[in-house]
Amino acid sequence: MAVVVKSACPLNCWDSCGFHVTVENNKVVKVEGDPSHPITKGKICGRGRMLETRTNSSERLLYPLKRVNGEFQEISWERALDEIASKMSLIKENYGSTAVLHSHDYANNGVLKNLDQRFFNSYGGVTELYGSLCWGAGIEAQKWDFGDAYSHEPEDIFNSKNIVIWGRNVARTNMHFYEKLLEAKKRGAMLIVIDPIFNATAKIADKHISVKPGMDGLLAAGIIKEMLRLNIEDREFIENHSTGFNDLVELLNSISLEKVSKMTEVPIETMTELAVVFADKPTSTFMGLGLQRYRNGGNTIRFIDALVAVSGNIGIAGGGANYANLQVGQSFDVGKLAFSSRKENHRQFSIMKQAEEVLAAVDPEIKMIIVSCGNPLTQVPDSTVVEQAFSSVETVVVLEQFMTDTARMADYVLPVTTAFEEEDFYYSSMYHHYVNYGPKLVSAPGEAKPDLWIWSQLANRLGFGEDFNFTRDEWLEMALHSLSQKGISLEELKEQSTIELPVEPVPWQDRQFKTSSGKYEFTSLKNEVDGQLRLAVPEESRWNNPDLAARYPYQLLTIHPMRSNHSQNYHLFKAEPQLKVEVAENIAEAKNLQIGDFVRVWNDRGEVRGYISILPKAHPDTINIDEGIWKRFGGSVNNLTSSRESDNGLGSTLYDCLVNIEKIK
Ligand SMILES: Nc1nc2c(c(=O)[nH]1)N[C@H]1C(S)=C(S)[C@@H](COP(=O)(O)OP(=O)(O)OC[C@H]3O[C@@H](n4cnc5c(=O)[nH]c(N)nc54)[C@H](O)[C@@H]3O)O[C@H]1N2
Ligand SMILES: Nc1nc2c(c(=O)[nH]1)N[C@H]1C(S)=C(S)[C@@H](COP(=O)(O)OP(=O)(O)OC[C@H]3O[C@@H](n4cnc5c(=O)[nH]c(N)nc54)[C@H](O)[C@@H]3O)O[C@H]1N2
Ligand code: SF4
Ligand SMILES: [Mo]
């Protein structure tokens with residue numbers, strides 16, 4: 001008999017949805033939105049629905065695999081775990097525990113996925129990754145400006161007179177916010193979209209502003225210049241709640257509005273218009289993450305923050321510099337799970353440059369890589385070097401659900417469960433402040449096991465099994481510990497499925513910022529950093545590297561795909577996916593390209609091949625290839641991207657990428 005059970009979306013996404021999952025005879029048959037979930041309201045996207053296909057796919061990994069003479073062979077769990085544990089013991093004895101690298105990302109939002117850190121800490125501390133391919137530059141930027149990265153609660157949008165969507169592909173990546181935009185528009189708000197691509201959100205906007213990719217910091221600077229010229233800035237906020245404003249004014253005086261217009265490729269009148277919109281409070285700003293995946297990404301977010309601050313839109317209902325909502329994650333005791341005090345040694349590699357760092361590592365060299373919740377061969381920049389690095393290491397262990405490009409490189413592939421096959425709770429620190437419970441709904445196929453089971457089994461063999469001697473309920477309670485004082489218990493979460501977290505609905509209302517001065521800092525006073533704002537440009541641009549721009553005149557974006565969360569779904573599509581090369585109209589004209597033409601896109605790092613499609617009204621000289629596509633379908637697009645770090649060291653520069661294109665037979 002079919003039953004409908006409440007559950008949660010595990011995917012790394014803004015929306016963190018609540019589900020209604022239909023289960024029949026120990027099988028997931030349908031995934032739908034929970035109508036009672038305050039954000040989901042019964043609607044989910046195709047990626048969520050496709051979790052049914054993912055769970056039931058005949059391509060699931062079912063048994064542990066070991067590479068023997070270049071071929072994978074099925075082996076027992078007993079043997080796989082014994083061999084991996086004994087290798088780990090030897091490595092620790094001979095080279096130290098940091099000869100192991102843990103490469104991971106955030107493919108699953110379950111709180112218990114953080115127990116990987118506990119395992120590696122208890123082992124003695126391994127080489128870990130720092131920074132984020134996703135949002136690192138912007139998070140660090142907001143920490144400099146405000147002291148932390150907080151967003152307004154979703155309903156607050158209805159207090160905004162004007163809404164500026166700055167480089168967020170809302171209709172595609174954040175669908176429940178898109179629903180709210182439609183409603184806010186109906187209620188009379190003005191909607192402005194700033195994006196080099198005329199995306200589905202731009203289509204519903206009152207105004208779409210097309211900007212040269214990577215130049216948004218300068219655009220914000222131009223808007224502030226106009227605001228100051230018109231005397232419509234918020235003097236009260238600047239004088240009482242900020243520091244460093246004079247540094248900002250001095251910097252703005254060093255560049256003319258004409259120059260800003262030339263570099264951003266945005267007309268001066270548009271900047272004047274935007275200055276008036278920002279001053280006409282409350283205006284809310286919603287930044288995306290693609291916006292900061294440039295060498296100058298930190299300065300981009302800081303300049304947009306500065307614009308929101310100068311216009312007095314901080315700490316007021318209907319305003320905000322909304323980028324991420326870290327107060328959501330801060331509600332939980334993730335640190336307790338990680339058990340950092342067990343760590344004796346550690347070394348850090350940048351997540352962007354993990355491959356170069358592996359190749360260069362000495363004292364100790366990397367002897368083993370363990371991958372969980374990530375597909376670095378597809379998702380980490382400069383794939384050629386990533387492949388070199390992963391093939392150079394003696395033992396690669398991959399915990400996976402499918403035979404991904406990364407799993408293909410492994411010496412041991414360990415099959416793991418999907419979300420519906422294990423119990424956890426899920427939240428995202430990107431947008432809303434609700435946490436969702438996901439029970440175990442069906443048993444896992446074959447011998448697939450939860451990551452946590454694998455860590456516990458290895459811990460037993462390595463002699464620190466007692467660190468993992470807890471039940472699921474005990475783990476979940478540990479993560480909820482800090483909330484129990486606020487009256488939120490595990491029983492309540494299980495019973496209600498979705499709980500609202502006690503976070504600030506309108507952050508910074510008290511104007512008490514978490515910076516060292518307690519004020520908004522136009523110039524960061526954080527120790528050890530040069531806190532000045534900079535009028536910075538992308539590394540790969542004609543303003544920074546004219547020779548490179550002459551050889552590679554087109555800017556490549558690799559935005560998030562509609563129907564897949566990163567690399568997770570391409571192999572599950574009914575029709576075989578094709579790599580689509582989307583070009584601005586001026587490129588199609590210049591190169592005489594028609595829809596469906598087969599082309600090669602290349603730069604000094606590599607190339608990909610695919611089929612042309614045209615992006616109407618996109619910014620001139622812009623190309624997009626959606627990220628995530630597997631090698632066997634023409635990927636990875638990260639063959640083309642660079643592993644540089646953002647200006648503040650913590651973000652990627654995935655969209656800071658020049659290429660050329662030509663038609664091939
Ligand atoms: N369908 C789908 N949804 C997803 C995901 C997915 O893979 N698929 N992934 C999830 C994850 S992990 C993340 S991080 C988020 C990302 O969510 P978003 O931030 O919305 O996604 P991106 O694809 O990075 O890019 C968003 C927009 O930025 C624009 N953009 C790129 N460069 C610039 C620039 O220089 N200036 C301006 N103004 N705009 C620019 C792009 O044209 C695009 O419209 O989405 C989440 N949701
Ligand atoms: N060129 C380019 N590259 C990008 C981006 C871009 O915009 N352009 N976006 C970047 C961003 S924003 C992000 S967040 C990263 C995402 O990078 P990743 O997180 O590496 O990408 P995913 O494809 O979501 O997931 C990786 C793998 O985790 C597996 N997985 C899912 N659930 C579990 C689990 O519970 N346990 C284990 N062990 N494995 C699991 C999936 O099967 C999948 O193969 O990519 C980054 N890379
Ligand atoms: S991927 Fe995002 S929008 Fe889609 S169901 Fe999951 S949380 Fe909701
Ligand atoms: Mo991301």
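Being a predicted model, the structure only gives us computed values, none of them experimental.
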Review point. If you measure from OG on Ser643 to CG on Leu654, what distance do you get to the nearest 0.5 Å?
Key: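 Rounded to the nearest 0.5 Å, the OG-CG separation comes out at 10.0 Å.
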Between [X] and [Y], do the side chains contain an N or O donor and an N or O acceptor separated by less than 3.5 Å?
X: Ser428; Y: Ser16; result: no
X: His433; Y: Glu153; result: no
X: Asn296; Y: Tyr294; result: no
X: Arg172; Y: Asn199; result: no
X: Thr641; Y: Asn638; result: yes
X: Asn624; Y: Asp626; result: yes
X: His102; Y: Thr127; result: no
X: His176; Y: Asp15; result: yes
X: Thr622; Y: Gln555; result: no
X: Gln142; Y: Asp305; result: yes
X: Asn159; Y: Asp156; result: yes
X: Glu265; Y: His619; result: yes
X: Glu504; Y: Gln509; result: no
X: Asn121; Y: Gln117; result: no

So do the side chains of [X] and [Y] get within less than 4.5 Å of each other, counting heavy atoms only?
X: Leu640; Y: Arg605; value: no
X: Phe158; Y: Glu155; value: yes
X: Met430; Y: Leu289; value: yes
X: Val659; Y: Ile623; value: yes
X: Lys526; Y: Glu140; value: yes
X: Phe146; Y: Lys514; value: no
X: Val126; Y: Thr98; value: no
X: Ser132; Y: Ile139; value: no

Practice item. Determine which pairs satisfy side chain to side chain donor-acceptor pair (under 3.5 Å) with at least one residue from residues 307-318, sequence neighbours left out, and list them in order. Key: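 Listed by first then second residue: Ser311-Asn313.
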**Study point:** Inter- and intrachain pairs under side chain to side chain donor-acceptor pair (under 3.5 Å), touching residues 244-253, at least two apart
**Key:**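 As it turns out, the side chain to side chain donor-acceptor pair (under 3.5 Å) pairs with a partner in residues 244-253, which skip direct neighbours, are Asp247-Thr523.
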Check your understanding: Are the ring centres of Tyr427 and Tyr434 closer than 6.0 Å?
Key ->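 No - the distance between ring centres of Tyr427 and Tyr434 does not fall below the 6.0 Å cut-off.
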Point to revise | Test of ring centre spacing under 6.0 Å for Phe522 and Tyr520 | key: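 Ring centroids of Phe522 and Tyr520 are less than 6.0 Å from each other.
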Tell me every residue that passes side-chain contact (heavy atoms from CB on, under 4.5 Å) with [X], counting only those two or more places apart in sequence or in another chain.
X: Thr515; answer: Phe513, Ser517, Glu521
X: Ala220; answer: Trp166, Phe303, Ile304, Leu307
X: Ala549; answer: Arg542, Leu658
X: Lys203; answer: Phe198

Side chain [X], main chain [Y], donor-acceptor under 3.5 Å:
X: Asp105; Y: Ala107; value: no
X: Lys185; Y: Ile204; value: yes
X: Asn436; Y: Cys17; value: yes
X: Asn544; Y: Glu539; value: yes
X: Arg293; Y: Thr653; value: no
X: Ser284; Y: Gly319; value: no
X: Asn109; Y: Tyr426; value: no
X: Gln292; Y: Gly298; value: no
X: Asp621; Y: Tyr554; value: no
X: Ser151; Y: Ala324; value: yes

Can you name the nearest heavy-atom pair linking [X] to [Y], along with the distance?
X: Ser261; Y: Pro267; answer: OG-CA, 3.9 Å
X: Thr264; Y: Met215; answer: CG2-O, 3.4 Å
X: Asp280; Y: Asn162; answer: O-ND2, 2.9 Å
X: Gln354; Y: Val380; answer: NE2-CG2, 3.4 Å
X: Ile165; Y: Leu191; answer: CG1-CD1, 3.7 Å

Could I get the full list of ring-ring contact (aromatic ring centres under 6.0 Å, His included) partners for [X], not counting sequence neighbours?
X: His241; answer: Phe237
X: Tyr106; answer: His104
X: Tyr655; answer: none

Review point. Can you pull the salt bridge (charged side-chain N to carboxylate O under 4.0 Å, His left out) pairs that have at least one residue in residues 308-325, sequence neighbours excluded?
Key: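 Found none.
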**Study point:** Pairs touching residues 643-659 that satisfy salt bridge (charged side-chain N to carboxylate O under 4.0 Å, His left out), sequence neighbours left out
**Key:**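 Listed by first then second residue: Glu540-Arg644.
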Practice item. Check step by step if side chain to side chain contact (heavy atoms under 4.5 Å, CB included) holds for Ile559 and Glu627. Key: CA-CA 6 Å; Ile559 70 171; Glu627 54 119 357; over 6 Å; no
Check your understanding: Going through the distances and angles, do Asn603 and Cys657 end up as a side chain to side chain contact (heavy atoms under 4.5 Å, CB included)?
Key -> CA-CA 9 Å; Asn603 61 21; Cys657 179; 3.7 Å; yes
Indicate every side-chain donor-acceptor pair of residues 331-340 with a distance under 3.5 Å to a residue at least two apart or in another chain.
unit_1, atom_1, unit_2, atom_2, d
Ser331, OG, Gln327, O, 3.1
Ser331, OG, Val328, O, 3.0
Asp333, OD2, Ser482, N, 2.8
Asp333, OD2, Ser482, OG, 3.4

Practice item. State which residue, out of Trp14, Phe177, Tyr178, fulfils the ring pair (Phe, Tyr, Trp, His ring centres under 6.0 Å) condition with Tyr431. Key: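 Only match with Tyr431 under ring pair (Phe, Tyr, Trp, His ring centres under 6.0 Å): Phe177.
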